[in-house]
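By convention in this document, chain letters (A, B, ...) are assigned in the order of the sequence lines, proteins followed by strands, and residues within each chain are numbered from 1.
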Amino acid sequence: MIDASDDELVARVALGDEAACRLLVDRHLTRMLALARRMLGSHADAEEVAQEVFLRVWTHASRWEPGRAQFSTWLHRVATNLCLDRLRRHTTDDIDSIPEPQSDGPTPLEELERQDLARRVDLALQGLPARQRAAVTLTHYQGLSNIEAAEILNVSVEAVESLLGRARRQLRVALATERDEWLRKTVEYGQ
Amino acid sequence: MSGYVKPWNMANEGRGEAMATDEMTLERLAEIAGAYGASPDLWPAGERQAAQSLLARSAEARALVQEAGELDSLLAMAPAADAPSPELLSRIMAARPRAATGRILSHQARRASLWQSIARIVWPYGSAAFPAGALAASIMLGIGFGAALPSGVTAEGLSSLGLAPVQSASASTGTAGEQLVSFALAENEYPEDWKK
């Protein structure tokens, strides 16, 4: 079963095969959680979206048509749309809601600085308009092609490139200070 | 950048998988790196080879891509998602489809639907539970009284028990059991149905 394709697993899921359900979750949950976390900036919200994604898989498994679409692309589409819906309902991004990085006990200065930089990059990402953020998340973080991203966002390939170009221009401006810091640290720490 | 000619038609699918081109300009490479970053793996497949060829022969092209790579490095520092919690895994697995349960439920649903259809034909005024309950209670009451009363009790005898005999077709026909059943049925909310 471990070598079974996603399509085969979905067919077994429709029959109530617990092992197939578990394997499908093992294969895709982490990536769906990562996508939702990048989009929403909150682990708790990301878990809710990931759960909803799999509830839809369970519900629609019997109607899945193998070969019509790639299952992982369909999953990304469902997760992206759920995230965009949530962002639409909460139009003003609450920057303060993004949690501070946790630090247990004494932390070396370098690690504190890295965490601070990570938080500022996260803030810059959360400051992007929702669809630009989705395009960056799908291509840069999820590693999908421009064609897959276009399919998921239901736009042309050219539109994806435009979203990405605008997103990265905004990020470059928002992270100008961080970029200088990062370059300085790269020299200092010899990274 | 004078004399620049776009190597692709905006309307075609040249940025996709299908079409490859050997032509690449610094301006187009700047657009690609500006949108997709410095990793050729993320560049449009149809233009990847041409872009890498330009990269190999142009220091200016390499500078463009290096600048995009600095932003990539910053983006890579964004916090990664935590691992899925055990509670999330439990919730997802608890909601999974269960074949056997599904069959039993659908069988039960079909049986319920059949009985509901029959009940709707017999009693089209809403829930059939009320008249069914009333009928059962009436019959039990009738049987109870029938067993308790001595034989030979007539309609006149009922008066002595504080029960007003009902003027119905069956009341005039004879036995106390029939009278009591008739009496019980006449207590129904819709007596007109029973007096015909």
Side-chain angles (χ1 to χ4, degrees), chain A residues 13-18 21-22 25 29-30 33-38 43 46-47 50-51 54-55 58-59 61-62 101 114-115 117-122 124-125 135-136 139-141 143-147 150 157-158 160-169 171-172 175 178-179 182-183 186, chain B residues 8-19 28 30-39 41-48 66-104:
Chain A
V13 165
L15 298 173
D17 185 330
E18 181 180 353
C21 292
R22 193 169 295 281
V25 170
L29 177 59
T30 304
L33 198 59
L35 165 63
R37 169 63 184 80
R38 301 277 188 213
H43 184 75
E47 286 214 339
Q51 181 178 339
F54 278 94
L55 292 186
W58 302 158
T59 304
S62 59
R114 194 196 64 75
Q115 287 185 0
L117 196 54
R119 180 172 175 270
R120 282 185 278 166
V121 172
D122 203 21
L125 281 167
V136 169
T139 56
H140 188 87
Y141 291 110
L144 301 181
S145 73
N146 55 346
I147 292 175
V157 170
E158 285 77 15
V160 167
E161 188 169 311
S162 172
L163 285 169
L164 287 170
R166 280 181 283 151
R168 287 179 66 100
R169 274 196 296 277
L171 287 170
R172 216 166 28 238
L175 295 170
E178 286 76 9
R179 174 178 165 274
W182 177 80
L183 287 172
T186 303
Chain B
W8 34 264
N9 185 333
M10 283 297 289
N12 70 19
E13 294 295 325
R15 300 179 195 186
E17 305 282 358
M19 187 174 178
R28 176 61 189 148
E31 288 176 350
I32 291 173
Y36 300 99
S39 170
D41 290 344
L42 296 176
W43 294 350
E47 297 175 280
R48 191 177 300 145
Q66 185 183 342
E67 191 181 336
E70 289 167 6
L71 182 59
D72 288 349
S73 299
L74 277 176
L75 293 179
M77 301 192 76
D82 295 333
S85 67
E87 292 78 17
L88 174 63
L89 284 168
S90 299
R91 288 197 300 271
I92 290 173
M93 288 305 291
R96 74 183 189 277
R98 291 161 205 264
T101 306
R103 286 194 194 110
I104 289 168

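Between the CE atom in B:M77 and the CZ atom in A:R119 there is a gap of 14.5 Å [rounded to 0.5 Å]. How far CG of B:D82 is from OG1 of A:T30: 11.5 Å, rounded to the nearest 0.5 Å. We find the CD-CZ distance between A:E47 and B:R91 to be 6.0 Å, quoted to the nearest 0.5 Å. Here the straight-line distance linking atom CG of A:L29 with atom CD1 of B:I92 works out to 4.5 Å at 0.5 Å rounding. Within the model, atoms CG of B:L88 and NE2 of A:H43 stand 7.5 Å from one another, a figure rounded to the nearest 0.5 Å. Note that OH of B:Y36 is 8.0 Å distant from OG1 of A:T139, once rounded to the nearest 0.5 Å.
Of the atoms belonging to A:V13, heavy atoms from both backbone and side chain fall under 4.5 Å from chain B. In this structure, the portions of B:D72 lying under 4.5 Å from any heavy atom of chain A include both its backbone and its side chain. Heavy-atom distances place the backbone of B:A83, and not its side chain, under 4.5 Å from chain A. Looking at B:L42, only its side chain comes within 4.5 Å of chain A, counting heavy atoms on both sides. With a 4.5 angstrom heavy-atom cutoff, B:S85 touches chain A via backbone and side-chain atoms both. For A:L175, the parts sitting under 4.5 Å from any heavy atom of chain B are the backbone and the side chain alike. Neither the backbone nor the side chain of A:A46 comes within less than 4.5 Å of any heavy atom of chain B. Both the backbone and the side chain of A:H140 come within contact range of chain B, judged by heavy atoms closer than 4.5 Å. Using a 4.5 Å cut-off between heavy atoms, A:L33 contacts chain B through both its backbone and its side chain.
Between chain A and the options B:G37, B:P79, B:A33, the largest number of non-hydrogen pairs under 4.5 Å is found for B:P79. Most heavy-atom pairs under 4.5 Å with chain B: of the set A:E178, A:R114, A:R169, this distinction falls to A:E178. If you tally non-hydrogen atom pairs under 4.5 Å between each of A:L117, A:D17, A:L144 and chain B, the highest count goes to A:L117.
The nearest pair of heavy atoms linking B:A76 to A:Y141 is N-OH, 4.5 Å. Shortest non-hydrogen contact noted between B:A95 and A:W58 is O-CD1, 3.2 Å.
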Pair A:R168-B:E67, salt bridge (charged side-chain N to carboxylate O under 4.0 Å, His left out): steps then yes or no: CA-CA 12 Å; A:R168 287 179 66 100; B:E67 191 181 336; over 6 Å; no
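Remark: A:R22 engages A:E18, A:D26, B:M93 in a side-chain contact (heavy atoms from CB on, under 4.5 Å) (not counting sequence neighbours).
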